[in-house]
Structure formats: structure tokens, C-alpha cells
2 protein chains.
Amino acid sequence: MKQTDTKTLILDVAQDLIQRLGVNGMSYKDISESVGIRKSSIHTHFPKKDDLLAALLDRYSDCFVRIVDGIIASSDAAEVKLRRYCGLFEATLSSGDQDKACLCAMLGAELATLNHPLVERVRSFYQANEERLVILLNIGLKDGSFQFAGDTQTMASLIFGLLEGGMLLARAGGGSDQFHRVIEQLMQLIKS
Amino acid sequence: MKQTDTKTLILDVAQDLIQRLGVNGMSYKDISESVGIRKSSIHTHFPKKDDLLAALLDRYSDCFVRIVDGIIASSDAAEVKLRRYCGLFEATLSSGDQDKACLCAMLGAELATLNHPLVERVRSFYQANEERLVILLNIGLKDGSFQFAGDTQTMASLIFGLLEGGMLLARAGGGSDQFHRVIEQLMQLIKS
DNA sequence: GTCTATAGCGCGATAGAC
DNA sequence: GTCTATCGCGCTATAGAC
């Protein structure tokens, strides 16, 4: 088992910085100071900033989607599955000593400043999440634990939107407590 | 009646830029090119960038809250009032030729890069909106047109979060059509 | 109030020694 | 793979002429 290599360390630090400050609020200088190397050394691992961002998005998306698929495949009840899914966002908000938003919520806000390959990655993260939410909601509808009027796809967009938006608002005001209450409120709205 | 003065023009352009690119993605150069003056001339009206941002936030918040108070004070049914409130966010998204998010959703994402006086202004915009949503929801609960389990304050946070978050997601994917469907879905969830 | 010119800094990126 | 040194650029901000 080898120790954490520099490349991974750079990704870790960059992710933390973007989740707090945004892409355009974070710099190679910030990364280098946290990692403990010179900024020119970052270019050895990621020649351009876009290379770093692309690698970061791929890692984040793959990891997140893998966990979500695990939740869906589990033997938990639909209600527990959805709660665990929302718990991923709560965990992100509360990780570290300062409030972090979802990486793709930050990139979504700054979307118009990103190059096309990166925009596509953000887009597919959103789509992957909404697709999984549709599956998750359908499980609950089928076994009778969920009940709501209207379209399942639209309900998935609503839930994903309030999770991504709720994290941003929680950082400015009510904190993780408010975010947790919002999620519980959501559960009440769709439970049968 | 005097014609639009430069100061107002600068605020208009800056607001549009921030709603598309974020605070850290927008520059004095961008503003000067759109307004048609030199960058240094902007400093005549707003000595520091923070002065510009503070004036922008005050104007945006005052204007928005005044409209919302008008909606609340109107003789419309509670359901219509809420639909009109959500319509303000839809109008923002669809104004201009490119998708714009709420000014305070953009600043909320980049909150950790802002100075304290600006953070406070973003915070009070959120609070003002949630307060108005509480009033609006209580009107509907009282006259029986709304019905939902749980706390009204939490429901207000949920709605505000999905509006702010939904706009960000709409820009990347489903557009204003998806955003509109999400709002209609919300109406169905809380109607009695 | 707008202009030209420029200061001073931080950014991403590159070259070349070790 | 990390370092030092540096380039070229864009940024906010200031000084001073008109």
C-alpha cells in the first residue's frame, strides 16, 4: 500500500478549495500552499488548469455515482434509500471545518466561464443524479411508500434542485441544521 | 425626465454580467466594453469594486422585495400569489438572450470570497425572501388553499432553495421549460 | 466626468538546473 | 518530480490632463 501520491493530494486540495471558493476564486498559489509544493510543480501533474478540472470532475462524478448506485442496489426500504441519498449532500456540507457546497453546484454557478468539455461533465453529473432519483422514486412509488401527484422526472429535478440550492443557502444562513430539516420536510411531502 | 445616467448603466451591465459569469468571472474591462466608457471612468462612480457590489445588492434587494410585498398585498388568491412569486425567478432566468441566475444565488456560491458587508447583504436577501414565503404560505394555510405537513418556516426554506437551485440547474440542462414544470410540481405538492 | 498612462499585483504557464 | 526564475497577461486602482 503506497502513501498518498502528490497527484491525488493536489486533487483533494483543489476540490476543497473549489467547494468553498469556486473555480474562479481558487488559484494554483492556493493549491501549492496547502499541498506544500511550488505552483510550477502542479503543472507537472496537470499541464493546464483545465486538465486538473477535468480530472477532478471525473473523479468526483465517478465516486458519487458509484455510491448512489450502491444505495439503489441495497436492500434498504425506498424511504431509507432516499434519506441516504440526501445524506450524501448533508455529509458534503458538513465535511471539513467550513461549509462546502457540491462541487458541481459551484461549477454550475460559474458554468458560463468554463470551456465546453467541462460544461459537458457538469451537465452529465446533473443528468446522472436525476436519472438515479427517477429510479429511486419509482421504487418507492411501486411499493407504495411514496405518493405524489405529477411526473416522476419533474419530481427528480425538484429534489435535485433543492439539494443543490439548499446547500448554498445553508452556508449563508441556517447551516446544516436547516438543511437537515428541509430534507425531512421533503420526505414528508412525498411519503404516502 | 433625464436619460439613463452612467451610474445606472454601469449597475445594469454589472448585474447582467454577474448573473451570467459570477462576481469572480466578471471584470471592470467587461463592464467598460458594454457601457462604452474606459475602465478608469468606472472608478469615478464606484471607487472600489466593493462599492459597486454593495450598491448593486442594495438596488437588487430593494427592488425584489418591493415587488414581493406588492404580490403579498394584492387581492390575488394565495395560489396565484405563490405562482407570481415563483414567476419572478422564471422571469429572471428567461430575461436577456442568455440564462441568468438570481444575483444572490451567484453571490451565494462565491460567498467565501466576499467581504463581510457584502456577505451580510446576501444573507438578508435570503432572509427577506424566506420571511415573505412564510407570510405567503400562512395565507394559503389559513384560507385552506394550501395543505402540507411540517413546519412553515422549513417549507419556506425548501421552496426558496429549489428556486435558487433550480435556476442554476436549468441553465445547464432542461432550460426554462424544466424550471417551469418544477414550479408546477411544487404547487401540486402543497395544494390541498 | 471622461480621458491616457501607468503602477502594482496575482494569475497561469514555461524553461532549464538539479 | 521538484526546484528557481521569469514571461506575458489581466486585474483593480491611481494620478493627472482636458
Side-chain angles (χ1 to χ4, degrees), chain A residues 2-57 106-107 109-119 121, chain B residues 2-57 106-107 109-119 121:
Chain A
K2 77 171 173 206
Q3 65 169 35
T4 308
D5 61 323
T6 308
K7 197 161 186 166
T8 305
L9 210 53
I10 291 171
L11 289 175
D12 292 343
V13 168
Q15 182 177 323
D16 178 84
L17 287 166
I18 296 176
Q19 287 183 294
R20 291 192 291 110
L21 311 174
V23 215
N24 298 323
M26 157 269 214
S27 72
Y28 270 41
K29 181 166 174 280
D30 297 328
I31 299 175
S32 73
E33 284 171 359
S34 285
V35 173
I37 56 173
R38 298 303 199 157
K39 43 175 194 155
S40 62
S41 302
I42 301 172
H43 290 280
T44 308
H45 305 280
F46 306 99
K48 312 272 177 188
K49 197 175 185 180
D50 275 7
D51 298 324
L52 197 166
L53 294 175
L56 192 50
L57 273 169
M106 299 301 278
L107 295 189
E110 298 172 295
L111 203 69
T113 70
L114 302 178
N115 289 327
H116 188 255
L118 298 174
V119 174
R121 283 173 167 89
Chain B
K2 77 173 176 204
Q3 66 168 29
T4 309
D5 62 323
T6 309
K7 198 161 185 167
T8 305
L9 209 54
I10 291 171
L11 288 174
D12 292 343
V13 168
Q15 182 177 324
D16 178 85
L17 286 165
I18 296 176
Q19 287 183 294
R20 290 192 291 110
L21 310 172
V23 214
N24 298 323
M26 157 269 214
S27 73
Y28 271 39
K29 182 165 174 282
D30 298 328
I31 299 175
S32 73
E33 286 172 357
S34 284
V35 174
I37 56 172
R38 297 305 199 156
K39 314 186 269 172
S40 61
S41 301
I42 301 172
H43 290 279
T44 306
H45 304 280
F46 305 100
K48 312 272 177 187
K49 196 176 186 179
D50 275 8
D51 298 324
L52 196 165
L53 294 175
L56 193 50
L57 274 169
M106 300 300 280
L107 295 190
E110 298 172 296
L111 202 70
T113 70
L114 301 179
N115 290 327
H116 189 254
L118 298 173
V119 175
R121 283 173 167 88

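Residue numbering restarts at 1 for every chain, and letters A, B, ... go by the order of the sequence lines.
Residue S41(A) places no side-chain N or O under 4.0 Å from the OP1 or OP2 atom of dG1(D). Between dT2(C) and T6(B), a contact under 4.0 Å exists linking OP1 or OP2 to a side-chain N or O.
In terms of the side-chain contact (heavy atoms from CB on, under 4.5 Å) criterion, residue partners of P117(A) (sequence neighbours excluded) are, by chain and number, N115(A), R121(A). Legend: residues meeting side-chain contact (heavy atoms from CB on, under 4.5 Å) with K29(B), ordered by chain and number and at least two apart, are S27(B), E33(B), K39(B). With sequence neighbours excluded, no residue forms a side-chain hydrogen bond (donor to acceptor under 3.5 Å, both in side chains) with S41(A). Residues satisfying the salt bridge (Lys or Arg N to Asp or Glu O under 4.0 Å) criterion with D30(B), sequence neighbours excluded, are absent altogether. S32(B) is linked by a side-chain hydrogen bond (donor to acceptor under 3.5 Å, both in side chains) to nothing, counting only residues two or more places apart in sequence or in another chain. With sequence neighbours left out, the ring-ring contact (aromatic ring centres under 6.0 Å, His included) criterion links F46(B) to no other residue.
Atoms CD1 (I42(A)) and C1' (dG12(C)) sit 10 Å apart, rounded to a whole Å. Taking atom CG of residue D51(A) and atom C1' of nucleotide dA13(C), one finds them 12 Å apart after rounding to whole Å. Per the geometry, CG belonging to L9(B) stands 14 Å off P belonging to dG1(C), to the nearest Å. Put simply, NZ on K49(A) is 15 Å from C1' on dC9(D), counting in whole angstrom units. Distance, I37(B) CD1 to dT2(C) C1': 8 Å, rounded to whole Å. The interatomic distance linking F46(A) (CZ) with dC11(C) (C1') rounds to 19 Å, in whole Å.
For the segment residues 21-35 of chain B, the set of residues with a heavy atom within less than 4.0 Å of an atom of DNA chain D comprises M26(B), S27(B), Y28(B), K29(B), in numerical order. The stretch residues 13-20 of chain A does not touch DNA chain C, since none of its heavy atoms comes less than 4.0 Å from the strand.
Shortest non-hydrogen contact noted between E110(A) and N24(A) is OE2-N, 3.1 Å.
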With the criterion being N/O to N/O and under 3.5 Å, what pairs connect the protein with nucleotides 14-18 of chain C, and how long is each?
unit_1	atom_1	unit_2	atom_2	d
dT14(C)	OP1	K48(A)	NZ	3.0

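No side-chain heavy atom of T113(A) sits less than 4.5 Å from a side-chain heavy atom of V23(A). Contact annotation: the side chain of L114(A) never approaches that of D50(A) to less than 4.5 Å [non-hydrogen atoms, C-beta and beyond].
Residue pairs that meet the ring pair (Phe, Tyr, Trp, His ring centres under 6.0 Å) test with at least one member in residues 12-44 of chain A, sequence neighbours left out, are Y28(A)-H43(A).
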Show me the donor-acceptor pairs, under 3.5 Å and distance only, between side chains in residues 7-14 of chain A and residues at least two apart or in other chains.
unit_1	atom_1	unit_2	atom_2	d
T8(A)	OG1	D5(A)	OD1	2.6
D12(A)	OD1	R59(A)	NH1	2.8
D12(A)	OD1	R59(A)	NH2	3.0

